[in-house]
Amino acid sequence: MSEQPGLFDTALVTPPPAPAPGFRDITFHEKRARTLLNKVAGARPGGMAWTLNPYRGCTHACTYCFARDGHARLGFDTGAGFNTQVVVKTNAAEVLRRELRGGKTGEDWVMVGTSTDCYQRAEGHYQLMPGILRALADHRVNFTTTTKSALLRRDIPLYAAAARAANVLVMTSLGSLDERVRRAFEPHAAPPRARLATVAALRAAGVPAGVLISRVIPHAGDHPDALNALVDACADAGAVTVWPDVMRISPGARDWFLGQSAAHLPPHLHERLAVSYAVDRAMPYAYVRDVTAHIHARAAGHGLPRWEDYIRDVSSSRTPDTGSPRSRGR
């Protein structure tokens with residue numbers, strides 16, 4: 001982890017332009033999907049076995065996003081094209097209901113928004129998530145949702161209803177409280193405090209909510225004091241669990257990430273990132289181990305279980321006669 005808390009000054013970070021009013025310069029490719037649920041290879045029964053993504057491409061424009069690789073398979077550019085060419089599965093709720101009618105997922109969990117954010121700006125227009133949430137609740141499906149957007153607060157009543165029918169966990173993705181880090185690496189995602197306010201609002205409504213501490217950016221957001229403050233803020237917001245995730249750079253994202261780093265960061269920080277990710281997609285094992293252990297230790301001090309322990313416990317706390325969840329960490 002870094003030795004100095006102040007690696008760069010606010011004035012040295014060149015923020016990208018704010019999103020244009022409406023959706024100027026963004027192209028939506030409306031698609032009628034044949035399937036929506038994707039099986040996770042090697043998933044254990046009753047575990048995180050399915051993914052569900054109503055959008056491909058993402059207007060949050062996170063420079064490190066691994067989903068940029070998949071955009072190439074759709075015939076789009078993985079740089080600016082990923083941020084501006086968004087595929088919308090307009091019949092998502094209809095297809096999901098059809099797939100769930102046959103009991104396709106069983107007791108497995110469905111992970112919603114694992115590839116690109118299901119509450120990105122496009123959701124404000126297409127409003128696919130309410131239909132998806134109602135379908136999951138009607139079929140009593142266990143699921144998680146991951147987002148960096150405060151738009152999720154629109155659907156809190158639907159999450160509360162779903163949490164009464166099955167196991168539900170909403171994970172807010174947040175790797176730093178520092179607004180400079182967001183501006184540099186996640187330019188169009190919600191500000192850190194807005195994401196924590198979403199966690200608090202979910203908990204006030206009785207919905208289990210945690211924080212995916214992601215991505216932890218080496219040399220920018222990894223100082224122990226910064227990580228401590230972030231975990232403390234998650235606990236204060238009412239998070240039921242945290243899960244650390246140190247930044248990895250996939251092959252399809254590397255050129256864009258380093259190009260954006262060179263353009264928007266002070267040279268010394270860009271150079272450190274370029275050296276760290278020049279060959280390998282991840283930081284050395286010992287570094288990842290130490291950062292992860294530090295976050296887990298701080299979380300344990302607040303009584304927050306590890307994510308995998310939380311999921312295991314709630315998955316095993318279903319009453320055998322009705323299959324309904326008992327408490328789900330409320």
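Position 1 is the first residue of the sequence, and the numbers go up from there.
- Listed here is the closest heavy atom pair of Pro305 and Thr241: O-OG1, 2.8 Å.
- Within the 4.5 Å cutoff, the side chain of His302 has heavy atoms near those of the Val231 side chain.
- Under the side chain to side chain donor-acceptor pair (under 3.5 Å) criterion, His125 pairs with no residue, sequence neighbours left out.
- Remark: the backbone N or O of Glu107 is paired with a side-chain donor or acceptor of Asn142 at under 3.5 angstrom.
- Distance check: Lys104 NZ to Arg98 CZ gives 8.5 Å after rounding to the nearest 0.5 Å.
- Listed here is the closest heavy atom pair of Ala201 and Ile156: CB-CD1, 3.6 Å.
- Separation of atoms OG1 (Thr144) and CH2 (Trp109) is listed at 7.0 Å; rounding is to 0.5 Å.
- Each of Phe66, Phe76, Tyr55 was compared with His71 under the ring pair (Phe, Tyr, Trp, His ring centres under 6.0 Å) criterion, and only Phe76 meets it.
- Leu52 and Trp50 fall within a single hydrophobic cluster, where Ile, Leu, Val, Met, Phe, Trp and Tyr side chains are chained together by heavy-atom contacts under 4.5 Å.
- Evaluation of the salt bridge (charged side-chain N to carboxylate O under 4.0 Å, His left out) test over residues 37-57, restricted to residues two or more places apart or in two chains, returns Lys39-Asp108.
- Leu128 and Val87 sit in two unconnected hydrophobic clusters of ILVMFWY residues. Membership requires side-chain heavy atoms under 4.5 Å apart, directly or through other members.
- Note on Met247 and Trp256: separate hydrophobic clusters, where clusters join Ile, Leu, Val, Met, Phe, Trp and Tyr whose side-chain heavy atoms are under 4.5 Å apart, directly or indirectly.
- Between Pro208 and Tyr310 there is a side-chain heavy-atom pair separated by less than 4.5 Å.
- Side-chain N or O atoms of His188 include one that pairs as donor or acceptor with a backbone N or O of Thr59 at under 3.5 Å.
- Residues satisfying the salt bridge (charged side-chain N to carboxylate O under 4.0 Å, His left out) criterion with Glu179, sequence neighbours excluded, are Arg182.
- When atom types are taken as modelled, the side chain of Arg203 and the backbone of Gly238 share a donor-acceptor pair closer than 3.5 angstrom.
- Here the shortest heavy-atom pairing between Val242 and Ala299 reads CG2-CB, 3.5 Å.
- No donor-acceptor contact under 3.5 angstrom links the side chains of Asn91 and Arg34, judged on distance only.
- Summarising the geometry, atom CG belonging to Asp77 is positioned 7.5 Å from atom OG1 belonging to Thr84; distances are rounded to the nearest 0.5 Å.
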For this session: Quick one: do Lys148 and Leu174 satisfy side chain to side chain contact (heavy atoms under 4.5 Å, CB included)? Show the steps, please.
Result: CA-CA 7 Å; Lys148 295 176 182 175; Leu174 177 61; over 6 Å; no

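- The shortest side-chain heavy-atom distance between Ile132 and Met129 falls under the 4.5 Å cut-off.
- Listed by chain and number, the residues in a salt bridge (charged side-chain N to carboxylate O under 4.0 Å, His left out) with Asp232 are Arg298 (sequence neighbours excluded).
- Note that CZ of Arg134 is 5.0 Å distant from CG of Leu158, once rounded to the nearest 0.5 Å.
- Residues Asp69 and Thr78 fail the side-chain proximity criterion, which asks for heavy atoms closer than 4.5 Å.
- When only modelled atom types and interatomic distance are considered, Tyr119 and Thr145 share no side-chain donor-acceptor pair under 3.5 Å.
- With hydrogens and angles ignored, the 3.5 Å screen pairs no side-chain donor or acceptor of Thr63 with any backbone N or O of Gln260.
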Output a table of donor-acceptor pairs, distance under 3.5 Å, between side-chain atoms of residues 190-197 and any protein atom two or more places apart or on a different chain; print 'none' if there are none.
| from | atom 1 | to | atom 2 | distance (Å) |
| --- | --- | --- | --- | --- |
| Arg195 | NE | Ala190 | O | 2.7 |
| Arg195 | NH1 | Ser173 | O | 2.7 |
| Arg195 | NH1 | Glu186 | OE1 | 3.2 |
| Arg195 | NH2 | Glu186 | OE1 | 2.8 |
| Arg195 | NH2 | Ala190 | O | 2.9 |

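- Arg68 places no side-chain N or O within 3.5 Å of a backbone atom of Phe82 that could act as its donor or acceptor partner.
- A distance-only check finds no donor-acceptor pair linking the side chain of Thr146 to the backbone of Gly113 [under 3.5 Å].
- Side chains of Ser261 and His270: a donor-acceptor N/O pair is present below 3.5 angstrom, by distance only.
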Exercise. Under the side chain to side chain contact (heavy atoms under 4.5 Å, CB included) criterion, do Asp138 and Leu100 qualify, and how do the steps go?
Worked result: CA-CA 10 Å; Asp138 289 348; Leu100 292 178; over 6 Å; no

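- Inspection of the His294 and Asn228 side chains reveals an N or O donor paired with an N or O acceptor under 3.5 Å.
- Two residues are said to be in side-chain contact when any heavy atoms from C-beta on lie closer than 4.5 Å; Met283 and Tyr277 meet this criterion.
- A pairwise comparison of heavy atoms in Arg248 and Ala282 identifies CG-CB, 4.0 Å as the closest pair.
- The shortest side-chain heavy-atom distance between Val86 and Thr116 does not fall under the 4.5 Å cut-off.
- With hydrophobic clusters built from ILVMFWY side chains whose heavy atoms lie under 4.5 angstrom apart, Phe143 shares a cluster with Leu152.
- Using a 4.5 Å heavy-atom threshold, the side chains of Met48 and Thr114 count as separate.
- Annotation: the span from Leu74 atom CG to Lys31 atom NZ amounts to 7.0 Å, rounded to 0.5 Å.
- Looking at heavy atoms from C-beta onward, Glu99 lies in side-chain contact with Thr35 at the 4.5 angstrom threshold.
- Here the SG-CD1 distance, from Cys234 to Ile213, works out to 4.5 Å after rounding to the nearest 0.5 Å.
- Under the side chain to side chain donor-acceptor pair (under 3.5 Å) criterion, Thr51 pairs with no residue at all, not counting sequence neighbours.
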For this session: Give the C-alpha distance, both sets of side-chain angles, the deciding distance and a yes or no for side chain to side chain contact (heavy atoms under 4.5 Å, CB included) between Val216 and Ile295.
Result: CA-CA 10 Å; Val216 176; Ile295 291 173; 4.1 Å; yes

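- Across all their heavy atoms, Leu36 and Asn38 have their closest contact at O-ND2, 3.5 Å.
- Taking hydrophobic clusters as Ile, Leu, Val, Met, Phe, Trp and Tyr residues chained together by side-chain heavy-atom distances below 4.5 Å, Val141 shares a cluster with Val170.
- Residue-environment remark: CZ (Arg254) exceeds the threshold of 12 foreign heavy atoms within 6.0 Å.
- Side-chain contact annotation: Asp117 with Ser149, donor-acceptor N/O pair under 3.5 Å absent.
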Problem set entry | CA sep, side-chain torsions, deciding dist, call: Leu230, Val211, side chain to side chain contact (heavy atoms under 4.5 Å, CB included) | CA-CA 10 Å; Leu230 176 55; Val211 177; 5.5 Å; no

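- Residues Arg154 and Gly124 come closest through the heavy atom pair NH1-CA, 4.4 Å.
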